[in-house]
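Proteins get letters first, then strands, A, B, ... in listed order; numbering begins at 1 in each. Remember, it's a predicted structure, so these values are computed and weren't measured experimentally.
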Amino acid sequence: DTAVSQTPKYLVTQMGNDKSIKCEQNLGHDTMYWYKQDSKKFLKIMFSYNNKELIINETVPNRFSPKSPDKAHLNLHINSLELGDSAVYFCASSQGHGYEQYFGPGTRLTVT
Amino acid sequence: GQNIDQPTEMTATEGAIVQINCTYQTSGFNGLFWYQQHAGEAPTFLSYNVLDGLEEKGRFSSFLSRSKGYSYLLLKELQMKDSASYLCAVRDSGGYQKVTFGTGTKLQVIP
């Protein structure tokens, strides 16, 4: 029983391409997040949604667009990929914004 | 905003006790989390403190002093599997209670 799942686990693509990462949680949580973890292992919040409403939208290029079709799903679409987008992207969920978070396994994105 | 400081790396011996410190400066504070992250894996929740004092959970304990902007995670009877990064995260007191993560402390346990 996977609590928070992400697809794909690995994503290798070329600069300029558009790609999507999907996230689903079966915990019944009302809040979901996207984080970026760079090579220095710093975990930085990108977006959060509470009951499908965008709550946090950090200083992220507008090439990144999140979409929450329902409370159990939060997808991340990235346009015109750049080398600097290479990182591990984690999805997480919590019951209530800012409470204990459950993380997905991560998606390792490599842009060549 | 939040400013969170943790040591970058620590080394400790199997069976020993290690204390990982976290200091923070914040415009508003409403709780502190500790997460564990093994290499190549996702962070997992360890503890949460919102009131001053020590919270004990098996071999792991977490302490908070709000007046000093200081927390520590104490790991007892270290095991090799405790080798991981330990992330301190602070929740602010604003309407949406944003959580900001520190850069993490990489702990290596040696025999």
If you tally heavy-atom pairs under 4.5 Å between each of A:Gln37, A:Lys40, A:Lys41 and chain B, the highest tally belongs to A:Gln37
Heavy-atom contact with chain A under 4.5 Å, split by part of B:Thr103: both
Decide salt bridge (charged side-chain N to carboxylate O under 4.0 Å, His left out) for A:Arg63 and A:Asp18; before the verdict, give the C-alpha distance in whole Å, the side-chain angles of both, and the deciding distance to 0.1 Å. CA-CA 9 Å; A:Arg63 298 181 295 103; A:Asp18 304 338; over 6 Å; no
Check each atom of [X] against the heavy atoms of chain B and say whether the ones under 4.5 Å are side chain, backbone, both or neither.
| X | result |
| --- | --- |
| A:Leu43 | both |
| A:Glu58 | side chain |
| A:Gln101 | both |
| A:Tyr35 | side chain |

Carboxylate-amine/guanidinium proximity below 4.0 Å for [X] and [Y]:
| X | Y | answer |
| --- | --- | --- |
| B:Arg66 | B:Asp52 | yes |
| A:Asp38 | A:Lys44 | no |
| B:Lys76 | B:Glu56 | yes |

If two hydrophobic side chains count as joined below 4.5 Å and joins carry through other members, does B:Phe101 share a cluster with B:Tyr72? no
